[in-house]
Amino acid sequence: MFETLQHLQRLTEYGVGYRSFTEQYLDSCGLFRDAVISILASVAKQERVRLSERTVAGLERAKAKGRVGGRPRVVCDRERVIVLHRGGSSLGKIAAELKLSKTSVSRMVAEGAQTAIM
């Protein structure tokens with residue numbers, strides 16, 4: 001909505017008038033054109049804030065119920081991944097051999113390195 005308001009403001013600066021066929025109050029040719037744009041900008045800003053608040057509240061509510069977001073993690077033999085990596089295999093070769101994504105292999109190798117340090 002904010003981008004739309006910016007475009008409408010730019011049109012007004014170029015001297016182009018606009019009227020909405022469906023929303024009678026959206027009219028840059030009338031007496032209250034600046035007031036209408038200001039009100040719409042305020043409403044758009046408040047809606048962005050509310051959308052963010054609702055998203056955070058929904059995630060917190062789901063977390064409180066024990067739900068975990070995102071894709072489920074792949075179950076595989078982490079030790080085999082680490083052994084293959086230490087043996088000199090590339091992440092791509094390991095991923096192809098074990099039918100995993102490179103990202104999963106990379107994460108397991110990094111986690112293996114972290115546990116080896118500790």
Solution key, residues 53-69 side-chain donor-acceptor pairs under 3.5 Å, sequence neighbours excluded:
| residue | atom | partner | partner atom | Å |
| --- | --- | --- | --- | --- |
| Arg54 | NH2 | Glu47 | OE2 | 2.8 |
| Thr55 | OG1 | Leu51 | O | 2.9 |

Distance-only donor-acceptor pairs under 3.5 Å for side chains of residues 74-82, two or more places apart:
| residue | atom | partner | partner atom | Å |
| --- | --- | --- | --- | --- |
| Asp77 | OD1 | Glu79 | N | 3.3 |
| Arg78 | NH1 | Glu111 | OE1 | 2.6 |
| Arg80 | NH2 | Glu97 | OE2 | 2.8 |

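Taking CG of Leu91 as the reference point, atom OG of Ser101 lies at 10.5 Å (rounded to 0.5 Å). Taking CE of Met108 as the start and CG of Leu100 as the end, the distance is 5.0 Å to the nearest 0.5 Å. Taken from NE2 in His85 to OG in Ser106, the straight-line distance is 8.0 Å, to the nearest 0.5 Å.
Scanning for salt bridge (Lys or Arg N to Asp or Glu O under 4.0 Å) contacts around Arg107 gives an empty result, with sequence neighbours left out.
Looking only at side-chain heavy atoms (C-beta outward), Leu84 and Leu98 come within less than 4.5 Å of each other.
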